[in-house]
Amino acid sequence: MVTCRQSITVFGIRIDALYSYSLAFNFFAFANAIACALSMMTLFLLIVEACGILPTSPSSCSSMTWYWMMSLVLAGCTAATAVGYIGKCGNTHTGWMPICDHLGKFCSKATTSMAFAYASLLLFMFACNPGRVEHPATLEHGP
């Protein structure tokens with residue numbers, strides 16, 4: 001999302017599109033950056049725990065961190081999706097025109113970024129609920 005930028009000239013007027021012009025896109029970028037940093041920190045702690053370097057288990061702290069990161073990514077995705085929808089379709093009631101037909105490169109980069117963020121959200125959901133997913137071979141069959 002941070003690399004989303006495009007400039008066009010319409011009737012001699014230069015129009016710039018940057019992710020930083022929208023607070024929702026800013027929130028989306030920072031939420032994903034924070035979630036990425038916390039994921040790396042949690043991964044490091046889990047590797048340290050697996051090696052036996054730490055005497056105590058940070059598992060309960062890391063599970064709460066996963067839930068927090070999932071919530072943060074979800075909030076960022078919904079904010080960016082709302083602004084992206086207005087950019088793609090506009091809003092006739094307020095007079096906002098769609099911009100994606102003029103700023104195609106900007107919109108395609110933002111869409112790709114949101115698609116990857118939604119994929120990471122699914123991964124966070126699976127990481128938060130590992131015990132709830134059961135392998136079909138381990139399911140008990142009734143009498």
Heavy-atom side-chain proximity of S113 to F28 below 4.5 angstrom: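 Heavy-atom side-chain distance check passes, below 4.5 Å.
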Which residues share a disulfide (SG to SG under 2.5 Å) with C107, sequence neighbours left out: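 Checked C107 against disulfide (SG to SG under 2.5 Å); matches are C100.
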Starting at [atom1] of [X], measure out to [atom2] of [Y] and round the result to the nearest 0.5 Å.
{"X": "F30", "Y": "F25", "atom1": "CZ", "atom2": "CZ", "result": "14.5 Å"}
{"X": "M97", "Y": "I86", "atom1": "CE", "atom2": "CD1", "result": "14.0 Å"}
{"X": "M114", "Y": "Y85", "atom1": "CE", "atom2": "OH", "result": "13.5 Å"}
{"X": "F116", "Y": "L121", "atom1": "CZ", "atom2": "CG", "result": "15.0 Å"}
{"X": "L72", "Y": "L38", "atom1": "CG", "atom2": "CG", "result": "8.0 Å"}
{"X": "K88", "Y": "I99", "atom1": "NZ", "atom2": "CD1", "result": "11.0 Å"}

Counting heavy atoms not belonging to M41, are there more than 12 under 6.0 Å from its CE?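 Atom CE in M41 is packed in, count exceeds 12.
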Heavy-atom neighbours of Y118 OH exceed 12 at 6.0 Å: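 Yes, OH of Y118 has more than 12 neighbouring heavy atoms, counting only those of other groups under 6.0 Å.
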Please report the closest heavy-atom contact between [X] and [Y], naming both atoms and the distance.
{"X": "M69", "Y": "A35", "value": "SD-O, 3.3 Å"}
{"X": "G76", "Y": "A31", "value": "CA-CB, 4.4 Å"}
{"X": "F27", "Y": "A79", "value": "CD2-CB, 4.2 Å"}

According to a hydrophobic-cluster definition based on side-chain heavy atoms being under 4.5 Å apart (Ile, Leu, Val, Met, Phe, Trp, Tyr only), do [X] and [Y] belong together?
{"X": "L123", "Y": "M70", "answer": "no"}
{"X": "L74", "Y": "M125", "answer": "yes"}
{"X": "Y67", "Y": "I34", "answer": "yes"}

Would you say S120's side chain and A117's backbone share a donor-acceptor pair under 3.5 angstrom?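 Checking the backbone N and O of A117 against the side chain of S120, a donor-acceptor pair under 3.5 Å is found.
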Applying side-chain hydrogen bond (donor to acceptor under 3.5 Å, both in side chains) as the test, list every pair that has at least one member in residues 28-41; sequence neighbours left out.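 Residue pairs with at least one partner in residues 28-41: there are none.
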